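Letters A, B, ... are given to chains in the order of the sequence lines, protein chains preceding strands, and every chain is numbered from 1. Worth knowing before you read on, the calculation uses all heavy atoms, side chains too, and leaves out hydrogens, waters and symmetry mates. What you see is a predicted model; the values in this text were computed from it and never measured.
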There are 2 protein chains.
Amino acid sequence: MSRIKRVTAQDVAEAAGVSRAAVSRTLSNNGYVSPAVRARVQAAADKLGYRVNYLARGLNQQRSDIVGVVVADIDSSFRACQIRHLTETLLQYNYRPLLIPTGEKRDCSQVIDMLMHYSVSGVIITSDTPPAEIYTNCIEHQVPVILINKADQHPKVDRVLCDNAKGMELLLDYYQRHHCQRLVLVTTAGNSYSIREREHLFSRQVSMPYEVIRVARHDYQGGVEAGQKVLELTGQPDGILCLNDYLAIGVIDVLKASLSKQVLANIRITGFDDMAQAGWLNYQLTTVHQSCESLAATAVKLLQRRISHPQATEVAEVIDVILVERDGGQ
Amino acid sequence: MSRIKRVTAQDVAEAAGVSRAAVSRTLSNNGYVSPAVRARVQAAADKLGYRVNYLARGLNQQRSDIVGVVVADIDSSFRACQIRHLTETLLQYNYRPLLIPTGEKRDCSQVIDMLMHYSVSGVIITSDTPPAEIYTNCIEHQVPVILINKADQHPKVDRVLCDNAKGMELLLDYYQRHHCQRLVLVTTAGNSYSIREREHLFSRQVSMPYEVIRVARHDYQGGVEAGQKVLELTGQPDGILCLNDYLAIGVIDVLKASLSKQVLANIRITGFDDMAQAGWLNYQLTTVHQSCESLAATAVKLLQRRISHPQATEVAEVIDVILVERDGGQ
DNA sequence: TTGTATGCGTTATCAG
DNA sequence: CTGATAACGCATACAA
């Protein structure tokens, strides 16, 4: 195989008339090197267009600066937003995001196993139900793990969580302020942490009578199914609290198709997450906003902390939320 | 620095009582090795839980099996779908997707440069306006480049394209079949290849009088802006051909808010791409469907081809499209 | 068919 | 402060 000519540290060293070691020390800012040599090395490196080979460095240092980003449902709006900010932030801090989508089919534990053999610097998990195998695998290889919106508590595994409690409080306060009499909770049967947690908080904090509609999926289709169940109720509720925006939007679409504008105007529907579509004219959904930016920033901050202090006790940082009141498209 | 104990080929070799070379040959299926030895090596490798170190292999082979996926607007629905299928397909074929989001701010050429130093096996670009620098950089390093829905034609750079021509034909045929008299084209002023190409094809193939509404952005906001301009027209058109689904949905939302159901029912609005929201009850958008699955499959197929035949002449594969007729939510 | 020896490009250690 | 040298873990030409 014909090997491609690359600019190597050796080349720079020769051009600058110094040793490889001096080059390494200069460019990694690690170790003593005289200003004179430093200048010569810099000049030579720039002229030759030298950049370190990350593979070689990774092999040597046992860490590649690659960060595995494990995520389910990439094509759901909110997740896509998370991914975008996570990858942007990682790059900004000189990590490289290796994206691992986890479908139902794919055996993601195998993929995770693969990650270990890249000497990844860390793994950020946004998947809904990460197999326990991931932890054992990562811990065994001493790879930092950051969990986003996950229940699981593990030693040395940091987490960043959306403030579901505050969000639910804001929503319930919203319904109370508007003197809602008959509330319906739309939730799902799946094992998504966010949904489970919000449902739990709801039932603990709610102080008015309510009914529950439970559907299988937590996406738009689930919302449609929920909307149909709403129509089957005897009489209309005046409040429908949906545990995420997709559910709310599905409900809205079904109700809009079957109910008059007047009737609909008296039903307050809310969501959770504030994904892009919540702001669309047709929905103008009142919902709880969680910032993907600060979520990403916090995740990467925790990752860096754990990389430099592998033995620190685990922490769980909570991301603030706010209520976004919209007029429901009226 | 305390180094983590890893299972290395040497360990396997000792456990199996053979040389490192025999282990390498067995596991990479490259070179001759007797069945007996092969079995012993396999057994030892399994028992010890050995997996090759991709960094070391990459350093040696000058290719890391990492594939850079460069993409703008991750959080747009259709792009997210592309990403999902691209990454899934890449993993399926034993590549690892390194995700590079390109914003307006970020200087992505720097990031691309970084990719080169991972000895990436290839780069797949879905960004709308990839800087020319990318090509020169990749070609210089002899890294395969696959372009998705891009105009740029470069030697040794393969492309996969959506069949915009057929799509436009289907749409115009649709309007003709329904005896549309007054058509409005909604397009943008940006330099997105898909939009530009579709607009060009439209003007070449259209055989009825039409008006043009041009907005700045090609996202939902652009659609809203377009919708407002539609309302300013003297009299309503009976057809609005939008060059992507986002534009169409924005237009629909504005018109729904201002026009009566009856008037709206006489306006045929169409999009392009068939993103998830096009199928939502509220929109039921007639649009041109392009399959992200086959797009991803084709991209990876071309990538593999170029990896094994770096000097092959470039090709452009076209992905078939179909018209998805929906009732517009009536 | 197998083992030996060498290179891949860095960084870290240890003399000088 | 600097330069030789040994890892890092793998693949492969070459010799046996």
Side-chain angles (χ1 to χ4, degrees), chain A residues 1-41 44-45 48-66 114 116-121 141, chain B residues 1-41 44-45 48-65 114 116-121 141-142:
Chain A
M1 180 208 285
S2 83
R3 295 197 176 256
I4 301 162
K5 172 57 191 160
R6 306 182 76 94
V7 179
T8 166
Q10 179 70 49
D11 301 331
V12 178
E14 286 170 5
V18 294
S19 71
R20 282 199 309 264
V23 175
S24 173
R25 278 193 285 262
T26 302
L27 273 59
S28 62
N29 259 332
N30 201 347
Y32 306 103
V33 53
S34 73
V37 170
R38 173 177 296 274
R40 286 220 311 281
V41 169
L48 294 167
Y50 169 78
R51 295 280 311 264
V52 303
N53 181 324
Y54 290 117
L55 259 31
R57 168 193 282 178
L59 176 60
N60 185 305
Q61 311 212 346
Q62 313 260 26
R63 31 170 291 227
S64 58
D65 290 348
I66 291 176
M114 170 276 286
M116 296 304 104
H117 295 270
Y118 268 117
S119 300
V120 290
S121 296
H141 291 264
Chain B
M1 180 208 288
S2 84
R3 296 201 174 252
I4 300 164
K5 172 57 192 159
R6 306 183 77 93
V7 178
T8 168
Q10 178 72 51
D11 300 330
V12 177
E14 286 171 4
V18 296
S19 72
R20 284 197 306 263
V23 175
S24 174
R25 279 193 282 260
T26 302
L27 272 60
S28 61
N29 260 331
N30 202 346
Y32 306 105
V33 54
S34 73
V37 169
R38 173 178 295 275
R40 287 221 309 282
V41 169
L48 294 168
Y50 170 78
R51 295 281 311 262
V52 303
N53 181 322
Y54 290 117
L55 259 31
R57 167 195 284 177
L59 176 59
N60 186 315
Q61 315 241 53
Q62 314 259 25
R63 31 171 292 228
S64 59
D65 290 347
M114 170 276 286
M116 297 304 103
H117 295 268
Y118 268 117
S119 301
V120 290
S121 297
H141 291 264
Q142 306 204 22

Visitor: Within the structure, does a side-chain N or O atom of A:Y54 lie under 4.0 Å from either OP1 or OP2 of C:dC8?
Guide: no
Visitor: Please report the distance, rounded to the nearest Å, between CD in A:Q10 and P in C:dG7.
Guide: 13 Å
Visitor: Distance from A:Y118 atom OH to B:R57 atom CZ, nearest 0.5 Å?
Guide: 8.5 Å
Visitor: Just the rounded figure in Å: distance from P of D:dA11 to CG of B:N60.
Guide: 7 Å
Visitor: Phosphate oxygens OP1/OP2 of C:dT10: is one of them under 4.0 Å from a side-chain N or O of A:T8?
Guide: yes
Visitor: Less than 4.0 angstrom between a side-chain N/O of A:Y32 and OP1 or OP2 of C:dA12, yes or no?
Guide: no
Visitor: What I'd like to find out is whether the side chain of B:R38 reaches to under 4.5 Å of the side chain of B:N29, using heavy atoms alone.
Guide: yes
Visitor: In degrees rounded to 10°, what angle is found between the helical axes fit to the five outermost pairs at each end of the helix from C:dT1-D:dA16 to C:dG16-D:dC1?
Guide: 40°
Visitor: C:dG7 P sits how many Å from A:L55 CG, rounded?
Guide: 20 Å
Visitor: What is the distance from CG of B:N30 to C1' of D:dT12, rounded to the nearest Å?
Guide: 9 Å
Visitor: Looking at B:A22, is its backbone amide N or carbonyl O close enough to the side chain of B:S19 to form a donor-acceptor pair, meaning the two atoms are under 3.5 Å apart?
Guide: yes
Visitor: Determine: side-chain N/O of A:S34 to OP1/OP2 of D:dT2, distance under 4.0 Å, yes or no.
Guide: yes
Visitor: Let me confirm one number: the NE2-OH distance from B:H117 to A:Y50, rounded to the nearest 0.5 Å.
Guide: 9.0 Å
Visitor: Output the rounded distance in Å from CZ (A:R40) to C1' (D:dT2).
Guide: 11 Å
Visitor: Mark yes or no for whether A:S34, through its side chain, and A:V37, through its backbone, hold a donor-acceptor pair below 3.5 Å.
Guide: yes
Visitor: Using a 3.5 Å distance criterion without hydrogens, assess whether the side chain of B:S28 forms a donor-acceptor pair with backbone atoms of B:S24.
Guide: yes
Visitor: Quick one: the side chain of B:R25 and the base of C:dG3, do they pair up donor-acceptor inside 3.5 Å?
Guide: yes
Visitor: Begin with the C-alpha distance, continue with both residues' side-chain angles, and end with the deciding distance and a verdict on side chain to side chain contact (heavy atoms under 4.5 Å, CB included) for B:R25 and B:N30.
Guide: CA-CA 5 Å; B:R25 279 193 282 260; B:N30 202 346; 6.0 Å; no
Visitor: Which whole-number value in Å describes the distance from A:N53 CG to D:dG9 P?
Guide: 16 Å
Visitor: Spell out, as yes or no, whether a donor-acceptor pair under 3.5 Å connects the side chain of B:R40 to the backbone of B:A16.
Guide: yes
Visitor: Could you check whether any side-chain N or O of A:S119 sits under 3.5 Å from a backbone N or O of A:R63, counting only pairs where one atom can act as donor and the other as acceptor?
Guide: no
Visitor: Roughly how far, to the nearest 0.5 Å, is OG of A:S64 from CG of A:L55?
Guide: 8.5 Å
Visitor: Could you tell me whether the phosphate oxygens of D:dT12, OP1 or OP2, come under 4.0 Å of any side-chain nitrogen or oxygen in B:S24?
Guide: no
Visitor: How is A:V37 classified with respect to the nucleic acid when contacts are heavy atoms under 4.0 Å: base, sugar-phosphate, or nothing?
Guide: sugar-phosphate
Visitor: Tell me which of B:R38 and B:A56 sits closer to the 5' end of DNA chain C, going by the nucleotide each one is nearest to.
Guide: B:R38
Visitor: Of all of residues 15-22 of chain A, which get a heavy atom below 4.0 angstrom from DNA chain C, listed by number?
Guide: A:R20, A:A21
Visitor: Measure CG/B:L59 against P/D:dG9 and give the value in whole Å, please.
Guide: 12 Å
Visitor: Closer than 4.0 Å, any side-chain N/O of B:Q61 to the OP1 or OP2 of D:dT12?
Guide: yes
Visitor: May I have the distance from B:R57 (atom CZ) to C:dG7 (atom C1'), rounded to whole angstrom?
Guide: 17 Å
